[in-house]
Amino acid sequence: MKRSGAVLCCVALLALSGCAVGPDYERPPQSVPEDWGPVLEPGSGPALADVAWFELFDDPQLVALIDEALAANLELRGALARVLSAEARARGARAALLPNVIGVLQSSPAPGLPDDTTHALGAALAWELDVFGKLRRGREAALADLLGTEDVARAVLVTLVRNVAGAYFRIRELDRRAVIVERTIASQESSLALVRELKGSGIVSAAEENQALALLASTRAVLPELRAQRAIAANALALLLGRSPGRVLDASPGHEAPSLPSFATGLPAELLERRPDLRAAEQRLHAATARVGVAVANRFPFPTIGVTALAGRLATDLGDLLDEGDEVLSWGPTAAVPLLDFGRTGAAVALADAELRAAALAWRQAVLAALGEVADAWIAVDAATEVIEHNRTRVAAAGTALRLQKLRFRQGVVAFIEVLDAERQLLAAEQELVAAEYG
């Protein structure tokens with residue numbers, strides 16, 4: 001009768017274990033205006049998130065560098081290692097829901113018996129019943145942590161691809177700018193030679209010669225600066241590739257500026273679903289919500305309820321355990337109720353609530369930041385298209401102006417300072433065009 005009552009008690013406890021204290025996670029409402037941002041009409045282009053990164057860049061050398069970075073970048077490898085750690089914690093949280101079975105060989109004092117000792121050999125079981133959902137909330141939090149860690153790794157991967165491409169195009173931009181400066185130096189050297197020839201004929205004075213010499217020296221001073229910037233950019237790229245600083249790319253003066261096809265930017269709700277940094281922030285919020293349930297379940301007056309059991313043999317002599325020992329099968333429920341902890345569990349609940357509020361605010365901040373980044377990027381791309389178009393017109397006009405000024409100078413119509421000014425304007429226009437094309 002006693003045993004059947006215990007069985008009924010355990011069945012009742014198992015039925016109660018379907019409930020879980022603490023709040024259930026719900027995604028916060030998305031406070032995004034319906035008319036937010038630049039959204040293309042359906043069918044106007046593929047979504048950028050649906051395109052593999054290696055299809056974005058029609059540049060085999062860049063694709064090879066990104067492949068190398070994905071295999072060797074230390075930050076990405078660290079993020080993947082953290083995923084493995086989160087997987088292990090999630091397995092541990094899941095295993096906490098299951099019984100713990102251990103082999104037992106123990107001796108216990110037994111006053112009054114011939115040897116004053118009893119010996120037991122068998123298997124012991126300990127199982128905490130998750131009546132109030134503490135263990136399930138812990139598993140929920142661990143799973144959310146795992147998913148969030150995976151999304152963080154995806155965000156690191158996306159950032160890595162972006163940074164490698166940015167460093168690569170920065171190097172190619174500096175190569176193009178160096179070629180422009182070298183071509184300008186050759187042109188200015190030719191102008192200086194002409195001035196010196198005319199000076200020998202008495203047509204121009206030493207002032208024009210020194211003006212040409214000063215402009216040439218100023219242009220030559222740009223070249224070492226560009227080479228230093230290229231070396232620094234190459235070192236940054238080497239770090240992304242997991243290499244020591246050093247030479248990474250040979251110069252490619254004829255490299256074409258990057259261009260991407262048109263993409264649909266997507267709706268705000270789709271943006272929240274696709275960005276790994278936003279998914280990671282949401283998973284952190286989910287984990288914080290579940291940990292509130294863990295803290296509440298640990299708080300008085302919720303008891304910790306479980307089942308213990310021992311199956312094996314019992315004997316008063318160690319040598320009799322295997323042959324003549326008495327078979328033992330005992331089990332029963334356990335319960336532990338915290339009576340007085342001087343506010344420890346209450347403080348744990350308050351801490352979990354505060355962390356939940358912080359995670360909710362972090363999620364909202366991440367959403368706003370993501371929307372702002374997309375809006376800013378769209379504005380920048382839209383403006384860059386116009387800037388490039390205007391700079392190309394400027395380069396063409398400055399080149400024509402320089403040729404005309406040289407002809408007019410040879411004919412004695414303008415002073416040599418007009419030629420120098422035209423050369424300065426052409427150099428500035430060409431440099432700004434390259435910066436806009438690679439920016």
Side-chain angles (χ1 to χ4, degrees), residues 167-236 247 249-259 380 383-439:
Y168 174 79
F169 289 129
R170 174 61 175 164
I171 292 172
R172 292 313 182 207
E173 173 195 346
L174 294 168
D175 287 342
R176 287 272 302 276
R177 293 177 64 181
V179 169
I180 292 171
V181 172
E182 289 170 350
R183 187 174 66 242
T184 303
I185 289 173
S187 174
Q188 292 175 356
E189 287 174 343
S190 176
S191 297
L192 178 61
L194 174 61
V195 168
R196 285 173 172 170
E197 179 183 343
L198 295 176
K199 178 188 173 187
S201 304
I203 300 176
V204 298
S205 66
E208 282 83 0
E209 179 185 9
N210 282 285
Q211 287 172 344
L213 189 58
L215 180 59
L216 177 59
S218 175
T219 306
R220 283 174 172 168
V222 175
L223 206 53
E225 182 180 355
L226 291 177
R227 289 169 178 165
Q229 292 178 10
R230 188 191 192 281
I232 293 172
N235 289 341
R247 190 180 186 88
L249 291 172
D250 293 328
S252 179
H255 185 269
E256 294 295 330
S259 61
T385 302
E386 293 188 32
V387 170
I388 291 172
E389 181 180 352
H390 294 319
N391 274 324
R392 286 173 178 168
T393 303
R394 178 186 173 190
V395 167
T400 302
L402 177 59
R403 289 192 298 272
L404 293 176
Q405 293 294 56
K406 285 183 176 180
L407 289 174
R408 297 177 72 190
F409 172 70
R410 288 177 179 273
Q411 295 169 0
V413 177
V414 297
F416 186 65
I417 190 66
E418 301 293 338
V419 177
L420 299 181
D421 184 62
E423 287 182 333
R424 278 194 297 267
Q425 290 190 29
L426 177 59
L427 176 59
E430 289 181 321
Q431 293 281 1
E432 291 182 20
L433 173 60
V434 172
E437 289 178 335
Y438 281 88

Nearest heavy atoms of [X] and [Y], plus distance in Å:
X: Ala435; Y: Glu173; answer: CA-OE2, 3.6 Å
X: Ile171; Y: Ala234; answer: CD1-CA, 3.7 Å
X: Leu420; Y: Ala212; answer: CD1-N, 3.8 Å
X: Glu432; Y: Asn391; answer: O-ND2, 3.7 Å
X: Ala167; Y: Ala233; answer: CB-O, 4.5 Å

Residues passing the salt bridge (charged side-chain N to carboxylate O under 4.0 Å, His left out) test with Arg410, sequence neighbours excluded, are none

Drop me the distance from [X]'s [atom1] to [Y]'s [atom2], to the nearest 0.5 angstrom.
X: Gln405; Y: Thr400; atom1: CD; atom2: OG1; answer: 11.5 Å
X: Leu215; Y: Thr219; atom1: CG; atom2: OG1; answer: 4.5 Å
X: Ile185; Y: Leu427; atom1: CD1; atom2: CG; answer: 9.0 Å
X: Leu216; Y: Leu213; atom1: CG; atom2: CG; answer: 6.5 Å
X: Arg176; Y: Leu226; atom1: CZ; atom2: CG; answer: 13.0 Å
X: Leu404; Y: Phe409; atom1: CG; atom2: CZ; answer: 15.0 Å

Name each donor-acceptor pair under 3.5 Å that joins a side chain in residues 204-211 to protein atoms two or more places apart or in another chain, with its distance.
from	atom 1	to	atom 2	distance (Å)
Ser205	OG	Ala207	N	3.3
Ser205	OG	Glu208	OE1	2.5
Glu208	OE1	Ser205	N	3.1
Glu209	OE1	Lys199	NZ	2.7
Glu209	OE2	Arg196	NE	3.0
Asn210	ND2	Ala206	O	2.8

Between Glu437 and Arg172, does the salt bridge (Lys or Arg N to Asp or Glu O under 4.0 Å) criterion hold? Intermediate values first, please. CA-CA 11 Å; Glu437 289 178 335; Arg172 292 313 182 207; over 6 Å; no

Does Glu389 pair with Arg392 as a salt bridge, N-O distance under 4.0 Å? no

Please report the C-alpha distance between Leu249 and Arg230 in whole Å, then the side-chain angles of each, then the deciding distance to 0.1 Å, and finally whether the side chain to side chain contact (heavy atoms under 4.5 Å, CB included) criterion is met. CA-CA 10 Å; Leu249 291 172; Arg230 188 191 192 281; 4.1 Å; yes

Ignoring hydrogens and geometry, is there a side-chain-to-backbone donor-acceptor pair from Ser218 to Ala214 under 3.5 Å? no

Is the backbone of Arg183 close enough, under 3.5 Å, to the side chain of Ser187 for a donor and an acceptor to pair up by distance? no

Check whether the side chains of Arg220 and Gln188 place a donor and an acceptor atom closer than 3.5 Å, and report yes or no. no

If we count only N and O atoms by modelled type, under 3.5 Å, do the side chains of Ser190 and Lys406 hold a donor and an acceptor together? no

Derivation of the side chain to side chain contact (heavy atoms under 4.5 Å, CB included) call for Asp175 and Val179: CA-CA 6 Å; Asp175 287 342; Val179 169; 5.8 Å; no

Tell me, do Leu426 and Glu423 make a side-chain contact under 4.5 Å, heavy atoms counted? no

side-chain hydrogen bond (donor to acceptor under 3.5 Å, both in side chains) test vs Arg177 passes for just one of Gln431, Gln229, Glu182, namely Gln431

